[in-house]
Amino acid sequence: MQTHWSLVVIGAGPAGMAAALEAARHGVQPLVLDRQPEAGGQIFRSAGSAQPATVQAIGKEYAEGASLCRAFTNAPVTFLAGAEVWHIAPGRIYFSHKGQSHGITADQIILATGGMERPVPLPGWTLPGVLGAGATDILLKSAGILPEGPVVLCGNGPLLLQTVSHLLHFGVRVAGVVLTGNLSNPIKALPALPGALARPQYMAHGMGLGLNMALRTRCYPGATQLAIEKEKNNLRVSFYFAGKTRHVEGTTVLLHEGVVSESRITRLAGVRHVWNPRQRYWHAETDTWGNTCVAGLRCAGDVAGVRGAAAATARGTLAALDACYTLGKITPEQRNTFALPEQRRLRRCEAMQPFMDTVFAPRLECLQPADSAIVCRCEELTAKTLREAIMAGSYSPDGLKSQARPGMGTCQGRMCAAPVAEMIAQAHNIPLECIEPYRAQPPLFPLNFGEMASLTCPPEGL
Amino acid sequence: MFKPVLPAPDPTVTIFVEGNALVVPEGTSVAAAVLRYSIPYARTTAIKHEQRGPFCLMGVCYECLMEINGVPNQRACLVPVKQDMRVRRQQGAPNFTGIAPSGTKE
């Protein structure tokens, strides 16, 4: 294993693949690491290996992803699939691959680790058969399977519309769609509408998905107080809608409350973060080239604020161009010229984002879990238990962690970080953006000591 | 619980989940196989022994932890199926006795 690289890209989704391809075009052969067994990220999952019929069935954007994946596979790029980064420091990366850890150094690093579905605890969300809506999308793309149905979908966000459309397309019965967004969101988003018109095709596609859902499924917009129970072989979703409590039953329940940046790795890297007040999450702060406050570390794609796949490829390309310029492979003039079409594309995506963020803003009420909901899935702690510890005097997620153990399990707080912060903010009346999330520490995922001890390079600076 | 909706890629492999032979397309994950064959849960929790199944399918939630070829705490959603793979549902807290540093059973 080569221990020094001029460029390392972490994440092989749209941003990471675009970055690697652009770098390869200018004579830089990057190392690309990804946790998954193949390139594509989540949005283009398995797109490179999918059969033409599959690509066609899933949609136009996925077809573009398939071309990107194929170009990436054929490019002069060293790609390590199944490689998971567990520590990052300036110029240094430690990762695990096939049960063996490696430490490498890099002149330039592009972090393109993407986002995740916002975890929103509700009673019964830990039952088998309850999954993220994004999870079914992953299963469709990577394994060609979907729930047998009937399916109940709950939540809010563009990905939910996409999932409903896929389920209907493949003939899966949708028992109901319980929509949790504020009914006033579309009105609040009106001032941002002109920006959204920068991408008329995307908007028309989204409206089409919404209309399809409204006409072909039973929707419950503005529902609150969601809970899931096991009822014989079914899962029963109960909620409050139009003045009374209702129930919808299915064999699978899919949850979605939007996509947020996964910021553990960027926080560990020491990057400065910015707060998205509409969508209530932190993401890495970058300039137009993806530069962060850490020298030699750029962020591209959804890890630096969720904008979707089209923006991610543009941001990946821009970050790579700037990295190539820093590495002396291209002149600043060349960088600026190559960047022009990508910057135009990115501007269109960014113009649309305030509208998207507002239309699909999470409802604050939904972000406060009911007392009986398990908030920390690993340590099996309910909202009630955590609220008692918060009221007894925990004012920060790390403080609460030492009091009551949320975030101490195998997922290392990925699933409970956001709800725990929301609960503390509400209980002590602190603005959410003033609450420091759990401290991110290495290793970024559970690793056995033996593997850490047998690192192939001295863990200097660890 | 899940059904195939797209033509599966040709080569298949046989894996054994709790001793039962399952035929699954090569390249798919153990978690996908568990869902496809309606295996009711992937693990039970360490504290209250409640049943859990795959949730995020992207390696974030750690709900699909299974014992794969003797090694506990494997995220089934990240492990592609291989011929003759032995998979067991993880019951309660994992047992690491006899696991070599490289993550293989001694």
Side-chain angles (χ1 to χ4, degrees), chain A residues 35-38 42 45-46 49-51 53-54 57-58 82 84 98-100 116-117 119 125-132 134-140 142-149 170-172 251-252 262 374 377-380 409-412 414-415 445-446 448-451 453-454, chain B residues 1-10 24-65 71-73 75 77-81 93-94 96 99-104:
Chain A
R35 172 201 292 160
Q36 302 296 337
E38 56 184 330
Q42 302 313 328
R45 186 77 180 244
S46 305
S49 58
Q51 298 170 27
T54 303
I58 294 173
E84 195 164 24
K98 294 185 176 167
Q100 171 70 55
M116 62 180 276
E117 290 187 279
W125 77 315
T126 50
L127 290 166
V130 181
L131 292 91
T136 45
D137 222 40
I138 291 168
L139 287 165
L140 173 66
S142 65
I145 60 174
L146 276 179
E148 266 171 34
F170 289 105
V172 177
T251 51
T252 305
E262 221 277 84
I374 290 175
R377 300 173 68 110
C378 304
E379 293 286 331
E380 302 170 66
T410 37
C411 95
Q412 302 181 316
R414 285 172 177 85
M415 301 299 283
F445 66 94
N448 72 42
F449 283 123
E451 185 179 329
S454 65
Chain B
M1 199 166 36
F2 278 67
K3 62 176 182 185
V5 294
L6 289 166
D10 263 347
V24 284
E26 203 174 64
T28 57
S29 67
V30 173
V34 162
L35 291 167
R36 164 70 188 86
Y37 283 93
S38 306
I39 290 159
Y41 64 96
R43 66 164 184 135
T44 62
T45 58
I47 301 162
K48 294 179 185 160
H49 299 277
E50 282 173 3
Q51 297 180 354
R52 297 279 171 88
F55 183 81
C56 79
L57 273 299
M58 55 180 272
V60 172
C61 75
Y62 289 74
E63 290 293 10
C64 61
L65 297 176
V71 184
N73 259 17
R75 280 168 285 174
C77 70
L78 290 183
V79 181
V81 291
F96 285 96
I99 305 297
S102 63
T104 53

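Both backbone and side-chain heavy atoms feed into the values below; hydrogens, waters and symmetry mates do not. Chain letters run A, B, ... following the sequence lines, proteins first and then strands; every chain starts at 1.
For the side chain to side chain contact (heavy atoms under 4.5 Å, CB included) test with Val5(B), the passing option among Ile145(A), Thr54(A), Leu140(A), Leu139(A) is Leu140(A); the others fail.
Contact annotation: the side chain of Arg75(B) approaches that of Glu84(A) to within less than 4.5 Å [non-hydrogen atoms, C-beta and beyond]. The shortest side-chain heavy-atom distance between Val60(B) and Arg35(A) falls under the 4.5 Å cut-off.
Atom CG of Asn73(B) is separated from atom CG of Asn448(A) by 10.5 Å, given to the nearest 0.5 angstrom. Rounded to the nearest 0.5 angstrom, Glu148(A) CD and Arg36(B) CZ are separated by 7.5 Å. Between the CE atom in Met58(B) and the CZ atom in Arg45(A) there is a gap of 8.5 Å [rounded to 0.5 Å].
Considering every non-hydrogen atom in both Met1(B) and Thr251(A), the closest pair reads SD-O, 4.3 Å. Closest non-hydrogen pair, Lys3(B) versus Pro147(A), comes out as CE-O, 4.0 Å. Minimum interatomic distance between Ala135(A) and Phe55(B) (heavy atoms only, all atoms of both residues): CB-O, 3.3 Å. Between Leu131(A) and Leu35(B) the shortest heavy-atom distance is CD2-CD1, 4.1 Å.
Among Ser38(B), Gly27(B), Gly53(B), the residue making the largest number of heavy-atom pairs under 4.5 Å with chain A is Gly53(B). Looking only at heavy-atom pairs under 4.5 Å with chain B, the residue among Glu262(A), Gln42(A), Glu38(A), Met116(A) that has the most is Gln42(A).
Interface remark: Pro25(B) contributes no atoms to any contact with chain A (heavy atom separation under 4.5 Å). Looking at Ala57(A), the atoms closer than 4.5 Å to chain B (heavy atoms on both sides) all sit in the side chain, from C-beta outward. Contact annotation for Cys56(B): only backbone heavy atoms (N, CA, C, O) come within less than 4.5 Å of a heavy atom of chain A. Contact annotation for Phe449(A): neither backbone nor side-chain heavy atoms come within less than 4.5 Å of a heavy atom of chain B. Both the backbone and the side chain of Thr410(A) come within contact range of chain B, judged by heavy atoms closer than 4.5 Å. Residue Pro37(A) touches chain B through its side chain alone, counting heavy-atom pairs closer than 4.5 Å. Only the side chain of Met415(A) comes within less than 4.5 Å of a heavy atom in chain B; its backbone stays farther off. Both the backbone and the side chain of Glu380(A) have a heavy atom closer than 4.5 Å to some heavy atom of chain B. Both the backbone and the side chain of Leu146(A) come within contact range of chain B, with heavy atoms under 4.5 Å apart. Using a 4.5 Å cut-off between heavy atoms, Pro40(B) contacts chain A through its backbone alone, with no side-chain atom that close.
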Determine whether Tyr62(B) and Arg414(A) satisfy the following criterion, side chain to side chain contact (heavy atoms under 4.5 Å, CB included), listing intermediate values before the conclusion. CA-CA 10 Å; Tyr62(B) 289 74; Arg414(A) 285 172 177 85; 3.8 Å; yes
Can Thr136(A) and Phe2(B) be said to form a side chain to side chain contact (heavy atoms under 4.5 Å, CB included), step by step? CA-CA 10 Å; Thr136(A) 45; Phe2(B) 278 67; 4.1 Å; yes
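Within the 3.5 Å criterion, the main-chain N or O of Arg377(A) finds a donor-acceptor partner in the side chain of Arg52(B).
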